[in-house]
Structure formats: structure tokens, C-alpha cells
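Worksheet: one structure, shown below.
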Amino acid sequence: MSTHVSEEVREALHEGRPVVALESTLVAHGLPRPRNLAVARELEELVRAGGAVPATIAVVDGTARVGLDEAALIRIAEDPTVRKLGHRDLAPALATGATGATTVSATAWLADAAGVRVFATGGLGGVHRAWTETQDESADLRLLARVGTAVVCAGVKSILDVPATLQRLETLGVTVVGYGTEHFPGFYLSSSGEPVDWTLRTPEEVAAVMRAQDRIEGPRAALVVANPVPEAEQLDPALHDRVLADGLAAAKEKGITGQAVTPFLLEYLTVHTEGASLEANLAAIRGNVRLAARIARAYGTGIPGAGGAGGAGGGTEIREGTHDGAEARGTGGR
């Protein structure tokens, strides 16, 4: 695969310093211009302020880039022709020389291939409502069952079927932990009302689980670290429920189905909450990025050579961590 790992990210991985992967779909397709570029720069600075190296991921002219320079970041933010790339789109994008922003599935795959163990995003995709009729499920879920990345997120988008998504993650063998919470976050909301099986309360505990994953022989799978948006910054729950119900009814009335439902509902929420849903989304992402940097530091501390990365076209070797941490605490079954 044609992949270029930036010099800064490559050196950090080789020296065992913490690195945090960031997706680029938020930059290209999730925010209005020019705010998208300002937010992209802000998130990278939050990673640096947390003592880690940011690795924003995208595909530029047919090359997967792990770590973007300023010119590439501006292009992803400002070029209206930038495509949206899931994991399934990587091969045709690389083969045709396309430029695209990576979703959760593509970002997690490329981060894992480069040896980046921690990835911060907003919310995961999941099982859609009315799944029994549409069979619509995000590619994020199956991909997370194939990579060894810790994904810090605010749960799954609240427009989805949260209980079904949690069940699907369990079936796929993806570990889900709540960070400082016994309930799975609701993306815009601090809680979806659904319990989690495990609660971790410090970055060191998360890092200890990651190291335990390194030692366990068997199928690889991601660690989902579900980090709730602070209650003071969440979307008002009553407003959320009312607008979402109206949006679902509007989508049905307009005959919107399949992949078109998610962008329609997200836009509907933004418009009919007068931008409050977008601000809650950004608050969640900022919190996830800060936490991801702390986790990356806790995991990488004292592990020289924890990852190594080649340049364009180069492969990556991931070496197992050698330091144990505190054991995670269980909160009981769900």
C-alpha cells in the first residue's frame, strides 16, 4: 500500500513517544468552512498540549498520509472535491490517485497499520434504526473487530440504535469501556441510558488494558473508550429528543433511506437546534482528543521502540509493551 508517514510521526513512533491519530472527515465534511480548518488546527494543538504528537490521516493524490503537513491540511479543509473515504474506498482511492478524507473505519485501519495505538474521534457509526428492514450498519463496527487501536469517542451517534450497536460490538468481540461513567455516552448527550460492562477512571488504567490486549494471544480487536461529553456542555436532552423525533418523521416523509439518512438527520439537528448540536459535538471531540493524548502518554511511557514506521510505501513493526499497569476495575455485567 502506498503510505507516507510524516517524519515527525515516524520519529515519535520509533522513539516510543506518544502519538494520537485524528480523522479528517470532520475537517472535510463535518464542519462549515472556514471553521473546519481552525478546528483541525485546534485539535492538533490539543494533542501537542497533552504531550503527544498528532497524526491527522487522509489520502492525498493516491497516497495514504499518516500525519499531514500544513499544505495537505489546508487542501483537505478547502478543496470541495475531496472525497469521503471509508475502509472499503481505500484501494480505489490509492489506485486512481484520488484525494479523500478518512472516516473512522479508514482512519483506524491506517493508524493501526502505521503502529499508532490511540485514535480520537467524535462518535462511532453503528447499527441504524429500522435495521430489520434496511440491514443498514456502519462499516466502523466490523473494522473495529480487526484492528488493535484504542478509539476514544463519545459513544455512537445518537440518531442510531444504541442498544443494537452495543450488542453488535459484543458479538464482534470489541471491548467497550466507559471512561469515568457506568453508562454508554450518547454522543451529543452525556448518557444514552445504556450500561457498560467496564468502567475505567484514569488514563493509566486504560493503558493497562491496552497492554493486556498486547499480551493476549488470539484475534485482534479495538478497545472502545467511551468518554462522555461533560453535562454542562451536552445538548439539552429534551431538545435533542424532540428534534430527533421530528427529524426521523421528516426523513420518512421525504422517503430518505440508506446512507442518506445519517447526513440528513445530522443536518436537521444542527439547523433545528440552532447550532447547539454542533457545539456539543465539538465539545465532545475536544474532550476525546485531550483524553487520547493522556492515554497515549500513559501507554507509551517507558516503552522505547513501541512502534516504527517507514516512509512512503514502508511497513510498520509494532513491538509489544513491556510494562504492566494497574488492573482495570469491572462494574458488573450489562
Side-chain angles (χ1 to χ4, degrees), residues 21 23 25 86-88 102-112 117-132 134-201 205-210 212-214 216 218-229 259 261-262 284-285 287-288 291-292 295 328-334:
E23 64 160 292
T25 296
H87 170 247
R88 68 169 189 170
T102 51
T103 65
V104 167
S105 67
T107 304
W109 180 264
L110 292 171
D112 185 66
R117 288 298 307 278
V118 182
F119 165 32
T121 186
L124 303 179
V127 176
H128 288 245
R129 297 170 187 242
W131 181 89
T132 54
T134 64
Q135 304 287 292
D136 193 0
E137 174 187 313
S138 171
D140 293 354
L141 302 185
R142 186 172 293 276
L143 191 281
L144 291 177
R146 301 173 59 189
V147 298
T149 310
V151 182
V152 184
C153 64
V156 299
K157 296 177 177 64
S158 56
I159 61 176
L160 303 172
D161 187 331
V162 176
T165 300
L166 287 170
Q167 182 61 54
R168 184 67 174 138
L169 287 168
E170 180 180 336
T171 300
L172 291 169
V174 176
T175 301
V176 177
V177 301
Y179 187 81
T181 180
E182 296 182 0
H183 290 88
F184 195 66
F187 190 48
Y188 299 121
L189 307 178
S190 297
S191 173
S192 68
E194 295 295 319
V196 291
D197 292 331
W198 297 94
T199 296
L200 305 179
R201 302 191 182 278
E205 287 187 342
V206 178
V209 173
M210 293 170 64
Q213 284 185 319
D214 293 342
I216 294 173
R220 303 177 72 218
L223 171 66
V224 173
V225 182
N227 181 41
V229 61
Q259 291 184 338
V261 172
T262 294
I285 292 171
N288 294 340
L291 176 58
I295 292 170
R329 294 192 295 273
T331 59
R334 177 159 53 86

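Reckoned from all heavy atoms, side chains included, excluding hydrogens, waters and symmetry mates. As the structure is a prediction and not an experimental result, all values here were calculated from the model.
Shown are Val177, Thr175, Leu124; of these, the side-chain contact (heavy atoms from CB on, under 4.5 Å) with Val224 is made only by Leu124.
Residue Arg142 holds its CZ atom at 10.5 Å from OG1 of Thr171, rounded to the nearest 0.5 Å. Between atom OG of residue Ser192 and atom CG of residue Leu160 there is a gap of 11.5 Å, rounded to the nearest 0.5 Å. Of the inter-residue distances, the one linking Met210 atom CE with Ile295 atom CD1 reads 7.5 Å to the nearest 0.5 angstrom. Atoms CG and CZ, from Leu143 and Arg88 in turn, are 13.0 Å apart once rounded to the nearest 0.5 Å. A distance of 11.0 Å separates CD1 in Ile285 from SG in Cys153, rounded to the nearest 0.5 Å.
Judged by distance alone, the side chain of Ser105 and the main-chain N or O of Asp140 form no donor-acceptor pair under 3.5 Å. Side-chain atoms of Arg168 do not come within 3.5 Å of backbone N or O of Leu141 as any donor-acceptor pair. Remark: side-chain polar atoms of Thr165 are paired, donor with acceptor, to backbone N or O of Val127 under 3.5 angstrom. Without hydrogens or angle criteria, Glu205 side chain to Arg201 main chain gives a donor-acceptor distance under 3.5 Å. Thr149 places no side-chain N or O within donor-acceptor distance of the main-chain N or O of Ala222, the cut-off being under 3.5 Å. Listed for the Asp112 side chain is no donor-acceptor partner under 3.5 Å among the backbone atoms of Val147.
For the pair Lys157 and Tyr188, the minimum side-chain heavy-atom distance is 4.5 Å or more.
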Begin with the C-alpha distance, continue with both residues' side-chain angles, and end with the deciding distance and a verdict on side-chain contact (heavy atoms from CB on, under 4.5 Å) for Val176 and Trp198.
CA-CA 7 Å; Val176 177; Trp198 297 94; over 6 Å; no

Decide side-chain contact (heavy atoms from CB on, under 4.5 Å) for Leu223 and Gln213; before the verdict, give the C-alpha distance in whole Å, the side-chain angles of both, and the deciding distance to 0.1 Å.
CA-CA 9 Å; Leu223 171 66; Gln213 284 185 319; 3.7 Å; yes

Assess whether side-chain contact (heavy atoms from CB on, under 4.5 Å) is satisfied between Val104 and Glu23, documenting all intermediate values.
CA-CA 7 Å; Val104 167; Glu23 64 160 292; 4.0 Å; yes

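The shortest non-hydrogen separation linking Pro163 to Glu194 is CG-OE2, 3.4 Å. Of all heavy-atom pairs between Val156 and Phe184, the closest is N-CE2, 3.7 Å. The nearest pair of heavy atoms linking Ala221 to Val174 is CB-CA, 4.3 Å. Of all heavy-atom pairs spanning Val229 and Phe187, the tightest one is CG1-O, 3.8 Å. Val151 approaches Thr121 most closely through the heavy-atom pair CG1-CG2, 4.0 Å. The shortest non-hydrogen separation linking Ala226 to Pro185 is CB-CD, 3.3 Å.
The pair Arg220-Asp214 fails the salt-bridge criterion, with no side-chain N (NZ, NE, NH1 or NH2) lying under 4.0 Å from an Asp/Glu carboxylate O.
For Ala21, the side chain to side chain contact (heavy atoms under 4.5 Å, CB included) partners at least two apart in sequence or on another chain are Ile57, Ala111, Val116, Phe119.
For Thr199 and Glu182, the side-chain atoms include no donor-acceptor pair closer than 3.5 Å.
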